[in-house]
Amino acid sequence: AQVLADARDLAQRIENAKLSVKARAGGNGKLFGAVTNADVAAAIAAVIAVPIDKHKVEIKSQIKSLGTYPVEVKVHKSVVARATVDVVAS
């Protein structure tokens, strides 16, 4: 029960966090490469100071341009945090 409560608390912190990933982009807003699960996991860890396994991060579609994208983080088998990530030029 405590593990589930901790997972819900962590999910709430992830959902409330302002997440952004810096990536190299061309003048048209297209990225050189793509933003990966590892990049998103690192951004979450930097904001909430809790390490997140990159395998728990799910990106619906490939992130290949600047903008805001939805992501899901499986915090626990029954708890999923839904957040948005801003991809900004570095």
So do Val80 and Val73 actually touch side chain to side chain, heavy atoms under 4.5 Å?
no

Answer with yes or no whether the hydrophobic clustering places Val50 together with Val21; edges join I, L, V, M, F, W, Y residues whose side-chain heavy atoms lie under 4.5 Å apart.
yes

Check ion pair Lys56-Glu72 (N to O, under 4.0 angstrom)
no

Has Asp9 got a side-chain atom pairing as donor or acceptor with Ala5's backbone, closer than 3.5 angstrom?
no

How long is the gap from CD1 on Ile63 to OG1 on Thr68, to the nearest 0.5 Å?
10.0 Å

To the nearest 0.5 angstrom, please state how far the NE2 atom of His76 sits from the CG atom of Asp6.
9.5 Å

Worked check of side-chain contact (heavy atoms from CB on, under 4.5 Å) between Asn37 and His55
CA-CA 7 Å; Asn37 297 18; His55 298 104; over 6 Å; no

Worked verdict on Arg13 versus Glu15 for salt bridge (Lys or Arg N to Asp or Glu O under 4.0 Å):
CA-CA 6 Å; Arg13 288 174 59 195; Glu15 289 174 357; over 6 Å; no

Set out, in order, the CA-CA distance, both residues' side-chain angles and the distance that settles salt bridge (Lys or Arg N to Asp or Glu O under 4.0 Å) for Lys18 and Asp86, then state yes or no.
CA-CA 8 Å; Lys18 177 92 171 101; Asp86 292 324; 2.5 Å; yes

Heavy-atom closest contact (Asp39 atom, Ala34 atom, distance)
OD2-O, 3.9 Å

State, to 0.1 Å, how close Ala41 and Ile52 come at their nearest heavy-atom pair, and which atoms those are.
CB-O, 3.6 Å

Verify side-chain contact (heavy atoms from CB on, under 4.5 Å) between Val87 and Ser20, making sure each step is shown before the conclusion.
CA-CA 6 Å; Val87 179; Ser20 75; over 6 Å; no

How close do Val85 and Val40 get, heavy atom to heavy atom, and via which atoms?
CG2-CG1, 4.0 Å

So which heavy atom on Leu31 is nearest to which on Ala23, and how close?
CD2-CB, 3.8 Å

If you take all heavy atoms of Ala83 and Leu19, which pair is closest and at what distance?
CB-CD1, 3.9 Å

Given the rule that I, L, V, M, F, W and Y join up when any side-chain heavy atoms are under 4.5 Å apart, are Leu10 and Leu4 in one cluster?
yes

Hydrophobic cluster identity match, Val75 and Ile59, side-chain contacts under 4.5 Å:
yes

Heavy atoms of Pro51 and Ala45 approach each other most closely as CA-CB, 4.1 Å

Using the side-chain contact (heavy atoms from CB on, under 4.5 Å) rule, take Lys30 and Lys64 through it: C-alpha gap first, then chi angles, then the decisive distance, then the call.
CA-CA 6 Å; Lys30 286 241 184 249; Lys64 293 194 171 219; 5.7 Å; no

